[in-house]
Each structure stands twice: as C-alpha cells, then as structure tokens.
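Numbering starts at 1 and runs along the sequence shown. As the structure is a computational prediction, the values presented were derived from the model and not from experiment.
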Amino acid sequence: MSIVWKGVFPAVTTKFTDKDELDFDAFDANIEAQIEAGANGIIIGGSLGEASVLTDEEKIILLEHTVKLVNKRVYVVLNIAEQTTKAALQCAKNAAKCGADGLMLLPPLRYKADEEETVKYFADVAKSTKLPIMIYNNPFDYKIEVTLDMFEQLSVYKNIQAVKESTRDVSNVTRMINRFGDRFAIMTGVDTLALESLFMGADGWVAGLVDAFPKETVAVYRLAKAERMKEALAIYRWFLPVLELDIHPKLVQYIKLAESVTGLGTETVRLPRLKITGEERDRVLGIIKHAVKHRPELPAGSWGIETEAEVDVTGIS
C-alpha cells in the first residue's frame with residue numbers, strides 16, 4: 001500500500017453536538033468543502049481532532065464514517081497518539097481493518113522516551129502493519145525530537161514514508177533533503193512556516209486553518225509548487241494573522257471559531273475545553289472577520305478538484 005504524500009492534507013476537527021455526541025452533519029459538510037477545494041488527504045484524530053478526549057470506539061466510528069464518506073476521492077489518514085506500544089499496535093490494526101489509507105504516528109505520549117525507545121516504538125508499529133506511515137516530528141509540543149540519525153535507523157522500514165515536519169526550524173527541510181534525498185516525503189506541519197517550507201522543498205502541507213479556509217490553503221500550496229511566488233506570497237501575507245491561531249495552546253477553540261465564521265463548522269468543543277469568551281474571543285474573532293472581509297481573489301485554477309490530466313500528481317483516481 002502506498003500514499004502519494006503531496007498536496008494539502010487537512011488535519012480536520014472533530015465536530016460535536018450540544019449533547020456531546022459526534023456531529024456527523026457538520027463533519028460531513030466540512031469534509032466536502034475540503035474535497036471541493038482540492039485537498040489530497042484527510043487526517044482524523046489529530047491534535048486538532050481532539051484525539052485526547054475521543055474514546056477508542058469514537059475513533060473507530062469516525063474512521064469508518066470518513067472512509068465511507070470520501071469513497072476513495074482522497075486519502076484517509078488516522079493519527080496514532082498513544083501512551084503504550086500495545087495501544088498503538090491495536091490502533092494500527094483497527095485502522096487497517098476500517099479502511100484507512102495510512103497513519104500519522106506520534107512518539108509515545110506522557111513518557112519522554114529516549115532515542116532507542118522512540119525508534120523501537122516507531123519500528124514496532126511499522127512492522128505490525130502494511131499501512132504507509134508519516135512520522136509526526138514535533139518536539140516543541142511533544143518534547144521528543146526525531147533526529148536525522150533516528151530517521152536513518154527508521155529508513156529500513158519501507159512503509160515509513162513521510163514526516164510531518166513541525167520542529168519549527170525551517171532549515172530542517174533542507175537537512176532532511178540533504179541527508180535522505182527523496183527517501184522521506186516532507187509534509188510541512190506548522191501553518192506559519194508553510195510557505196517557507198514549500199519554497200525549501202517540502203512536498204505537501206498538513207494544515208490547520210484549512211479547516212476554515214480550504215480554498216486559500218490549497219491555492220497557496222499550488223501556486224508555490226508552480227513557482228508562482230509573488231501570487232503565493234500575496235495570499236500568504238493576507239493569511240498569516242489567521243495562520244498564527246494554529247500555534248496557540250487553544251488552537252482547537254480558535255480554529256473551530258474560524259470554522260463557525262466561514263460556515264464550515266461550529267464552536268462546540270469537548271470538556272475540559274471551553275469556548276473562548278470575553279476579550280479573548282473578541283480579539284480572535286476580530287482577526288478572523290478581518291480576514292474574511294479582505295479575502296483575496298484567488299487565481300484561476302489555483303484550487304479545486306484536479307482534472308484527469310493531474311491525477312498522477314495526487315495518486316487519487
């Protein structure tokens with residue numbers, strides 16, 4: 001099994017009703033908007049998806065629902081964020097059984113594993129499944145860095161195919177390419193460094209604010225890869241104040257608020273998270289509404305479902 005790790009892969013939010021149940025109507029509307037905009041894959045159960053407060057049963061239900069909904073129009077990738085190897089192996093097994101196309105894999109949570117332990121954790125999951133794997137390298141939030149030497153050890157596992165590069169050091173894109181060539185696809189994972197990373201050679205973008213602004217996100221990606229730098233930069237400069245909502249501890253609340261403003265979701269979060277209120281809400285809402293008011297006109301062909309001639313770019317048929 002393989003994934004073409006290129007294009008925009010939204011890390012989607014999980015929608016909830018006021019009764020704290022999965023809201024499939026809101027979820028489906030957002031997924032369709034991502035596909036219409038030209039997304040190449042959907043990542044569920046990530047940090048933005050409030051994975052830490054989803055039950056195992058809910059993750060399976062959400063995955064099965066998403067696989068059925070997209071019906072092979074885009075890839076479906078399940079995030080694995082577990083504390084134990086046993087739980088991660090079970091999650092990978094569930095993902096394959098339920099029809100996921102691939103996995104995004106974090107290091108062990110809570111326990112700060114050393115290099116040997118982290119490599120073994122990744123290797124054990126890789127050996128247990130045929131699904132393609134993208135390693136999530138985010139030492140800023142998860143305190144474990146996957147170093148170049150660790151990627152060297154992991155390179156023997158053919159299904160470890162990509163990295164979500166979230167070290168917040170854009171030079172790491174160049175380091176990966178210099179060390180490994182095209183062995184690992186590089187997916188930029190920090191919205192505020194996305195354009196810079198694409199200019200440095202990243203293959204794709206695991207995006208957050210795409211949940212509220214799908215067409216603009218895809219346009220930035222496609223224009224950058226087409227080397228239409230001035231056009232990409234113009235949109236990115238408009239986008240940056242909103243993209244900065246992605247690098248805050250309350251990114252879930254902020255992005256869900258943005259989704260509600262653009263008509264692609266609701267503000268509803270699961271406890272212990274609370275909707276933002278007061279001055280904080282006014283400030284974030286001001287940023288979002290200013291962006292909506294001044295939305296740029298997107299160049300023709302910079303977003304949308306790709307034509308048959310472009311199928312080979314995404315690998316989706």
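Residues Asn172 and Asn137 share a closest heavy-atom pair of ND2-ND2, 4.2 Å. In terms of heavy atoms, Ile35 sits closest to Ile305 at O-CG1, 3.3 Å.
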Margin query: With salt bridge (Lys or Arg N to Asp or Glu O under 4.0 Å) as the criterion, how do Lys59 and Glu82 come out once you've worked through the C-alpha distance, each side chain's angles and the decisive distance to 0.1 Å?
Written below: CA-CA 13 Å; Lys59 291 176 184 177; Glu82 299 292 345; 3.7 Å; yes

Next item on the list: Apply the test salt bridge (Lys or Arg N to Asp or Glu O under 4.0 Å) to residues Lys15 and Asp25: give CA-CA distance (whole Å), side-chain angles for both, the deciding distance (0.1 Å), then the verdict.
Entry: CA-CA 9 Å; Lys15 312 297 190 293; Asp25 289 340; over 6 Å; no

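Linking Ile, Leu, Val, Met, Phe, Trp and Tyr residues whenever their side-chain heavy atoms come within less than 4.5 Å leaves Trp205 and Val190 in two separate clusters.
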Determine all donor-acceptor pairs shorter than 3.5 Å in which one atom belongs to a side chain in residues 283-290; sequence neighbours excluded.
unit_1: Arg283; atom_1: NH2; unit_2: Tyr254; atom_2: OH; d: 3.4

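Exactly one residue among Val220, Leu243, Val242, Leu264 makes a side chain to side chain contact (heavy atoms under 4.5 Å, CB included) with Phe213. That residue is Val242. The only option from Gln83, Glu117, Lys143 that meets the side chain to side chain donor-acceptor pair (under 3.5 Å) definition with Tyr111 turns out to be Glu117.
Formation of a donor-acceptor pair under 3.5 Å by the Asn159 side chain with backbone atoms of Pro132 is not found in this model. In this structure, Asp203 contributes its side chain and Gly7 its backbone to no donor-acceptor pair below 3.5 Å.
Ion pair Arg270/Glu58 flagged as a salt bridge, since at least one NZ, NE, NH1 or NH2 atom sits closer than 4.0 Å to an Asp/Glu carboxylate oxygen. For Glu267 and Arg281, the salt-bridge test passes: some basic side-chain N is under 4.0 Å from an acidic carboxylate O.
Neither side chain, Gln153 nor Asp149, offers a donor N or O lying under 3.5 Å from an acceptor on the other. Using a 3.5 Å distance cut-off with no hydrogens or angles, the side chains of Glu259 and Thr13 do pair a donor with an acceptor. Tyr221 and Thr188 share no donor-acceptor pair across their side chains, judged by distance under 3.5 Å alone.
Between the CG atom of Leu198 and the CD atom of Glu227 there is a distance of 12.0 Å, given to the nearest 0.5 Å.
Taking the six-membered ring for Trp and the full ring otherwise, Tyr157 and Phe122 have centroids separated by 6.0 Å or more.
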